[in-house]
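Letters A, B, ... mirror the listed sequences (proteins, then strands); counts begin at 1. For the numbers below, each heavy atom of this structure counts, side chains included, while hydrogens, waters and symmetry mates do not. The shown structure was predicted, so the numbers you read here are calculated from the model rather than taken from an experiment.
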Amino acid sequence: DQQVKQNSPSLSVQEGRISILNCDYTNSMFDYFLWYKKYPAEGPTFLISISSIKDKNEDGRFTVFLNKSAKHLSLHIVPSQPGDSAVYFCAAKDGSNYQLIWGAGTKLIIKP
Amino acid sequence: NAGVTQTPKFRILKIGQSMTLQCTQDMNHNYMYWYRQDPGMGLKLIYYSVGAGITDKGEVPNGYNVSRSTTEDFPLRLELAAPSQTSVYFCASSSQGGAADTQYFGPGTRLTVL
């Protein structure tokens, strides 16, 4: 069973517009959520995170929103730039466990 | 400033062969991890280590072994390779292992077992 789900395998967005990537989870014990970005032939790199005690975290063009009642989080990128084209992974952990549980990823394509 | 390095980048194995995937980090991190990523799937944790001499199983440890004799190195051993082990393998490290801890990843090793 997938505890972390990213239901959109790919997303295409015009340069300059907003990109919204979604992630759903099933385990109510998760208390920390992270987004990683991955370019081809490279390892994932950390992008932004949010604790379950918050509902929003912002870092420059990137904002993550958490809706605990819906067990849903989203990553907003605005404005979208060509260099944002990559695969974005949502991951979650609970405080008692070292293990990160990963979604399958969403491939974001920014069109010029 | 190398970060996390992995060798080899690519490898093709025959069924039943063995090999070791190498991972080295130069950030003096205590925590190290091995993941595998199958096509269209998220990363799954194979083994992790919280310091030299200490290792533990993750979600998918069967068919693999690890050791951690130094802070820097965390090799992953595949014994009796099987087609189901065809995957991309990522090594990662982090400084403290807590909830807010950021993991730094190597570039990956693409392994094919035929």
Heavy-atom pairs under 4.5 Å with chain B, option from A:P9, A:A41, A:A91, A:P44 with the top count: A:P44

Looking at side-chain heavy atoms only, is the closest gap between B:Q103 and A:Y36 below 4.5 Å? yes

With a 4.5 Å cut-off on side-chain heavy-atom distances among I, L, V, M, F, W and Y, is there a chain of contacts connecting B:V88 to A:L100? yes

Counting only heavy atoms closer than 4.5 Å, note whether A:Q99 contacts chain B via side chain, backbone, both or neither. both

Is it the case that atom CZ in A:R61 sees more than 12 heavy atoms from other parts of the structure closer than 6.0 Å? yes

Point-to-point distance, once rounded to the nearest 0.5 Å, from NZ of A:K38 to CG of B:L43: 8.5 Å

same_hphob_cluster(B:Y31, B:Y64) at 4.5 Å side-chain heavy-atom cutoff: no

Taking all non-hydrogen atoms of both residues, which atom of A:A104 and which atom of B:G40 are closest, and how far apart? CB-O, 3.4 Å

Closest non-hydrogen atom pair, B:T102 against A:F46: CG2-CB, 3.4 Å

Contacting moiety of B:Y104, where chain A heavy atoms sit under 4.5 Å: neither

Output for pair (B:Q37 CD, A:W102 CH2), nearest 0.5 Å, gives 9.0 Å

If we define contacts as heavy-atom pairs under 4.5 Å, which of A:C90, A:G43, A:S49, A:G105 has the most with chain B? A:G43

